[in-house]
2 protein chains.
Amino acid sequence: MYRTRVQSRSAGRPTRDDVAKHANISGATVSRVLSGRTDLSISPETRARVLEAAEKLGYRPNPAARALTSGRTGLVGLWMSFDYSRYRGQVVDHLRTVLSQTELALAVTDVDKEYTTVHSFDRPLRVPVDGIIAFDNSASIEAFAREHDRLAPNIPFVSMGAYWSEAQSFVGVDLRAGADEAMEHLLSTGRRRISYMAPWTSDLIDSGPRYEAYIGKMGAAGLPTSTIAFERVSYALIKEALVQRHDAGTLPEAILCMNDDVAIAASYVLEGLGVKTGQDVALVGFDGIEETEHCPCPITTVRQPVEEMCSLTYQFLQSQMNDSTAPPRQRILKPELVIRESTRG
Amino acid sequence: MYRTRVQSRSAGRPTRDDVAKHANISGATVSRVLSGRTDLSISPETRARVLEAAEKLGYRPNPAARALTSGRTGLVGLWMSFDYSRYRGQVVDHLRTVLSQTELALAVTDVDKEYTTVHSFDRPLRVPVDGIIAFDNSASIEAFAREHDRLAPNIPFVSMGAYWSEAQSFVGVDLRAGADEAMEHLLSTGRRRISYMAPWTSDLIDSGPRYEAYIGKMGAAGLPTSTIAFERVSYALIKEALVQRHDAGTLPEAILCMNDDVAIAASYVLEGLGVKTGQDVALVGFDGIEETEHCPCPITTVRQPVEEMCSLTYQFLQSQMNDSTAPPRQRILKPELVIRESTRG
DNA sequence: TTGTACGCGTTATCAC
DNA sequence: GTGATAACGCGTACAA
């Protein structure tokens, strides 16, 4: 990657001292004007000269140089999986909103399963950030956490969501509690043949709070378990999995779906098969995206406290960024079981 | 932002020379080993010593210093709006896939309407990138383009999607052609009262290829136009807008929806109102997300060539990054009208 | 209020 | 094959 020195990058691009020369002033003063600090006094006249010269030359401070010398970049890194879910989209949106009211900018980078095995966070670490928010990396979060002190020492780190690192600051969502509640709800409505549905390409297929709640509650009730696996979240693949069960006559009375996107897709598939959601097969989703409420058959879901999660996370991160000796702050939020038609029937 | 020097950032964090001292070797050699260059010869023994020392100290090269001196960061910036649509999620996913096969990492930053008016791309520009991909910033793309040479000179820039800058490299999608085709299709099936549906908080409400195709084709046919506006993409708000039309008895025979998410939501709302999608009201969406195919009433859509768009964009960007004097490359792709039940009835 | 000079941590050149 | 050393562009003590 560093094969050749890149002349073109800086060639022709004006530097602070070019502006200084143009304005008949020292480079230091250019810095003073352009760093936007209000605590320094500069004569209005020189300020104007500097601004004019900078404008004329089209000068932009080099962010790398700034970062190197100041130790700050004004960036917050959001580390997450780019596997899309509407819930993730919603979280990014909220976080953006929170940060837009500060001076910080958000840089989102992909952290997927690759990193868990390779144990190299090389790519995400290329983004020079003042703080890191790690969101819901079910697989990688463990690696993150364990390696944080080694990989990104002194970079404030907050994990957020259903998976977190105990070692640092975190805002967790106790999805286990929510999943337990959902299972109890299903069992209390008399369902016995209950399946768990998740993609087999993800860890969720046999681990994590949702899976464990499912296994735990079924075991406690003395009921056999069964998993409906599909390759990845896609209507066609979800349909394939359900049709197979349907044709084999082994559709359960209820399905605990790994998230709302899956639950919604499942409800459409079942409808297409002439199976009534809520009556013939109950469905439960996770996350609480808006669409669950407006489906033909509104879907019971375990809603995550997105707003609170995001704003707390920012508070925790900010306190670490302001004072790196501040103790980590930790909080666990409860999700909310929202009961709708899909489990009432 | 640069009020105080941040000691803590570098304090305690080992540098190249710490590793050098620890390995009884010079700093230069540490660099040579750790920059992963294969064209330099280093004795296996010292290489081992360096790696061991680096591992032991938990040394991580400082990305800012690297960037400053080498002129490269290994980062590609993806500038887009964080207003979510499933299509956007899909595009990010594809781009990730393309880049994962290279040495580059992706840093996604939000560019929304704010920047258009403020004319400051301060925040996105904080991320030190080797190249920029600007995706579908309907409003900001104009500002991007005009200011690029001033704001980010020498940083290769490719605009991608339905909006692009003529000045630089781009991979455009001729949504106008697709929208024209969709309108012709609607008109050819005998529909006359056709509405356009978009959020009034977006430029799409009264500009852009979709709107212009709508206005153009209706005008040419001598038909009156009408817009169904809603605040933003949300099932509840879309429902509100449609119910109002329904109650007033002014539902059209067809609706050209700004994207698939809106079309899908509309079809559910109409279904709830007892209005048959495809028969009573035809629907057309844009983008071609998978879900349009699997709705209760599959939806006609103008499918964007996501794969081709992403891989071409990467090629264009790469050629600029390898040789900044290379001429910009430009390509316009055609979307594909996919006709389904929602316009057949 | 402004200028001088140093250092941030790295890569690259040029000796050895 | 390895070691000095000069940049890279900027922020900021310190001096003026």
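A note on names: the letters A, B, ... follow the listed sequences, proteins ahead of strands, and every chain is numbered from 1.
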- Return the set of residues passing salt bridge (charged side-chain N to carboxylate O under 4.0 Å, His left out) with Asp18(A) (not counting sequence neighbours), or none when no residue passes. none
- Query: Pick one: which of Glu308(B), Gln318(B), Arg329(B), Met160(B) meets side chain to side chain contact (heavy atoms under 4.5 Å, CB included) with Thr313(B)?
  - Reply: Met160(B)
- Message: Without decimals, in angstroms, what is the distance between Arg32(B) CZ and dT13(C) P?
- Response: 12 Å
- Task: Just jot down the side-chain contact (heavy atoms from CB on, under 4.5 Å) partners of Ala28(B), sequence neighbours excluded, or say none.
- Result: Ser26(B), Arg32(B)
- Rounded distance (nearest 0.5 Å) linking atom CG of Leu125(A) with atom CG of Asn62(B): 11.5 Å
- Describe the nucleic acid contact of Thr29(B) in one word from base, sugar-phosphate, nothing, applying a heavy-atom distance below 4.0 Å. sugar-phosphate
- With sequence neighbours excluded, tell me which residues meet salt bridge (charged side-chain N to carboxylate O under 4.0 Å, His left out) with Asp93(A). Arg96(A)
- Testing dC10(D), dA7(D), dG3(D) for proximity to the side chain of Tyr59(A), the answer is dC10(D)
- Task: Give one of base, sugar-phosphate or nothing for Ser43(B), where a contact means two heavy atoms less than 4.0 Å apart.
- Result: sugar-phosphate
- Query: If you look only at pairs with a residue in residues 49-64 of chain A, which of them pass as a salt bridge (charged side-chain N to carboxylate O under 4.0 Å, His left out), with sequence neighbours excluded?
  - Reply: Glu45(A)-Arg49(A), Glu55(A)-Arg150(B)
- Message: OP1 or OP2 of dC8(C) versus the side-chain N and O atoms of Thr69(A): is any pair under 4.0 Å?
- Response: no
- Let me know the distance between CG of Leu68(A) and P of dC8(C), rounded to the nearest Å. 9 Å
- Value in whole Å for how far the P atom of dC8(D) lies from CZ of Arg72(B): 17 Å
- Item | Interatomic distance where CG belongs to Asp17(A) and P belongs to dT2(C) [whole Å] | 17 Å
- Interface residues of residues 19-26 of chain B with DNA chain D (non-hydrogen, below 4.0 angstrom): Ile25(B), Ser26(B)
- Item | Contacts of His148(A) that satisfy ring pair (Phe, Tyr, Trp, His ring centres under 6.0 Å) - sequence neighbours left out | Phe157(A)
- Query: How close or far is atom P of dG9(D) from atom CG of Asn62(B), stated in whole angstroms?
  - Reply: 16 Å
- residues 50-80 of chain A vs ring pair (Phe, Tyr, Trp, His ring centres under 6.0 Å), sequence neighbours excluded, gives Trp79(A)-Phe144(A)
- Under the side-chain contact (heavy atoms from CB on, under 4.5 Å) test, residues paired with Ser31(B) that sit two or more places apart: Arg16(B)
- Task: Examine the base of dG9(D) for any acceptor or donor lying under 3.5 Å from a partner atom in the side chain of Arg66(A), and report the outcome as yes or no.
- Result: no
- Item | Contact residues, residues 44-55 of chain A to DNA chain D [heavy atom, < 4.0 Å] | none
- Figure out the CG/C1' separation between Leu57(A) and dG9(D), and round it to whole Å. 15 Å
- Task: Can you figure out which of dG9(D), dG3(D), dG11(D) approaches the side chain of Thr15(A) most closely?
- Result: dG9(D)
- Query: For the pair made of CZ in Arg16(A) and P in dG3(C), what is the distance, rounded to whole Å?
  - Reply: 11 Å
